[in-house]
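Nothing fancy with the numbering, it's 1 onward along the sequence.
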Amino acid sequence: MQETLNMFLGMGRPAWREARATLQKILSADEPVLRDNEALRNKCLVPMSDIEMVLPITVGGYTDFFCSVHHAMNCGFIFRGPQTPVNPNWFYLPVGYNGRASSIVVSGTNVIRPRGQGHPTGNSAPYFGPSQKLDFELEMAAIVGPGNELGKPIDINDAEEHIFGLTLMNDWSARDIQAWETIPLGPFLGKSFSTTVSPWIVTLDALKPFMCDAPKQEPEPLPYLAEKNHINYDIPLEAWIKPKDQNDASIVTKTNFKHLYWTLTQQLAHHTINGCNMRPGDIFATGTLSGPEPDSLGCLLELTWNGQKEIPVGNLTRKFLEDGDEVILTGCCKGEGYNIGFGTCTGKVLPALP
């Protein structure tokens, strides 16, 4: 009866499990309550073509982490060179920053190319105008369930009870704006113009069959980040680009959630270790999910090595996104005889405002 899931999220895992089990029972082929009641089916089952999907939650706070070691290393090579591609602190804590909750939009929302400043050339003033290096970032976002009181951290081994589920996320990035502004306080206008999420949230309970060991961490995490169950999830992910003049989308990357170095529970425990309070419906994202292979990189910054090379998109090529391009992110776990799908996370680039 609510307009969003926030109240439900705050009820915790017992309520989530009860709701999930009840829905599964009602929808089962051997359960007559819906199967044999045409009037109830007509009321309960709505054709997808007749509905508009909206944000499933009210997002009070949004944090973006930087937890893929392959992404961190590649970015370091691109911007700092091979001497110190990853800063020493990265292996001791999940690096993150506070994003902009107000510009989180649901899949299918168009994205207007942002304007901003870029690096000056020579002795000239900084560039100002539409971003010339607009990028996607293939991420996943965790949705917070029950929160914590201000001043009381969430214990690493209790953190899973505070995470409702996962959704696909595209954290659009203007690389030229980001590169110029990011020192010393981190991303700002290069990120805050739009972040797209899928309307579908998959619960951690549904993902249990796809648990897998998380990467070994060296050095060993500090005690507050050392968890009894150090696990990730085997979630194959893809990114596609559909240029405006082409009928079909072309795949540009295949990666997997299992490559994540810092786990969801470590991210949440770190987020609250200083006493920061989380609330139902808050979002924290993984950062770009890149794998070890050249075709498993989760953004154009890495795929094109900051525009030094082009990648094929159908019969066209791209260094960064062009106006009219549509980005489509997908994710689907493959079980024995069944799939656990995340739907799609899409957005089309519109020209910058004059």
Side-chain angles (χ1 to χ4, degrees), residues 1-27 44 51 53-65 94 96-107 139-169 171 195-208 211 224-225 227-229 231 233 235 257 262-286 340 342-343 345:
M1 301 299 292
Q2 303 294 315
E3 292 187 355
T4 68
L5 290 175
N6 290 59
M7 184 179 293
F8 178 61
L9 299 181
M11 295 172 71
R13 192 168 302 280
W16 309 338
R17 285 178 171 164
E18 179 186 348
R20 183 165 181 257
T22 301
L23 287 169
Q24 287 176 327
K25 180 181 178 182
I26 290 172
L27 294 168
C44 293
I51 63 170
M53 300 303 294
V54 297
L55 278 176
I57 54 177
T58 298
V59 183
Y62 161 46
T63 304
D64 193 27
F65 281 98
Y97 71 94
N98 282 308
R100 183 72 187 172
S102 65
S103 54
I104 292 178
V105 297
V106 74
S107 175
E139 304 193 21
M140 298 201 80
I143 312 300
V144 175
N148 58 303
E149 292 183 34
L150 184 66
K152 296 184 178 181
I154 295 174
D155 183 271
I156 181 71
N157 293 309
D158 296 329
E160 184 181 359
E161 297 301 308
H162 294 263
I163 302 172
F164 176 66
L166 283 170
T167 187
L168 296 169
M169 172 181 280
D171 193 28
T195 300
T196 304
V197 295
S198 168
W200 303 104
I201 307 170
V202 178
T203 65
L204 294 193
D205 279 345
L207 293 174
K208 280 191 180 298
M211 283 181 171
Y224 79 95
L225 290 173
E227 52 191 345
K228 295 176 183 177
N229 298 313
I231 61 101
Y233 299 94
I235 308 173
F257 185 90
W262 292 104
T263 66
L264 296 176
T265 40
Q266 288 177 318
Q267 291 170 46
L268 185 56
H270 181 68
H271 200 315
T272 66
I273 193 62
N274 67 343
C276 173
N277 58 319
M278 306 292 284
R279 296 174 294 186
D282 284 355
I283 284 179
F284 62 95
T286 58
I340 298 288
F342 288 81
C345 180

Do the side chains of [Y] and [X] get nearer than 4.5 Å, heavy atoms only?
{"X": "Trp262", "Y": "Thr286", "value": "no"}
{"X": "Val144", "Y": "Phe164", "value": "no"}
{"X": "Leu264", "Y": "Leu166", "value": "yes"}
{"X": "Glu227", "Y": "Thr263", "value": "yes"}
{"X": "Val106", "Y": "Thr196", "value": "no"}
{"X": "Leu9", "Y": "Ile143", "value": "yes"}
{"X": "Pro146", "Y": "Pro280", "value": "no"}
{"X": "Leu207", "Y": "Val202", "value": "yes"}

ask   = Stepwise, does the salt bridge (charged side-chain N to carboxylate O under 4.0 Å, His left out) test hold for Asp205 with Arg17?
value = CA-CA 8 Å; Asp205 279 345; Arg17 285 178 171 164; 2.8 Å; yes

Nearest 0.5 Å, what's the [atom1]-[atom2] distance between [X] and [Y]?
{"X": "Phe284", "Y": "Met140", "atom1": "CZ", "atom2": "CE", "answer": "12.0 Å"}
{"X": "Thr63", "Y": "His270", "atom1": "OG1", "atom2": "NE2", "answer": "10.5 Å"}
{"X": "Cys276", "Y": "His271", "atom1": "SG", "atom2": "NE2", "answer": "5.0 Å"}
{"X": "His162", "Y": "Leu268", "atom1": "NE2", "atom2": "CG", "answer": "7.0 Å"}
{"X": "Ile156", "Y": "Lys228", "atom1": "CD1", "atom2": "NZ", "answer": "11.5 Å"}
{"X": "Ser103", "Y": "Tyr62", "atom1": "OG", "atom2": "OH", "answer": "8.0 Å"}

Are any side-chain N or O atoms of [X] and backbone N or O atoms of [Y], one a donor and one an acceptor, separated by less than 3.5 Å?
{"X": "Ser198", "Y": "Phe342", "value": "yes"}
{"X": "Asp158", "Y": "Asp155", "value": "no"}
{"X": "Trp16", "Y": "Phe8", "value": "yes"}

Heavy-atom count around [X] [atom1] within 6.0 Å, excluding the residue itself: above 12?
{"X": "Glu149", "atom1": "CD", "value": "no"}
{"X": "Lys152", "atom1": "NZ", "value": "no"}
{"X": "Met211", "atom1": "CE", "value": "yes"}

message = When you compare the side chains of Glu160 and Thr265, does any donor N or O come within less than 3.5 Å of an acceptor on the partner?
response =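 The criterion, which ignores hydrogens and geometry beyond distance, is not satisfied for Thr265 and Glu160.
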
ask   = Do Thr272 and Asn148 have a side chain donor and acceptor closer than 3.5 Å?
value =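 Asn148 and Thr272 do not have a side-chain donor-acceptor pair below 3.5 Å.
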
Give the table of side-chain donor-acceptor pairs shorter than 3.5 Å for residues 54-61, with sequence neighbours excluded, one pair per line with atom names and distance.
none

inquiry  = salt bridge (charged side-chain N to carboxylate O under 4.0 Å, His left out), that's the test. Do Arg13 and Glu18 meet it? Break it down for me.
reply    = CA-CA 8 Å; Arg13 192 168 302 280; Glu18 179 186 348; over 6 Å; no

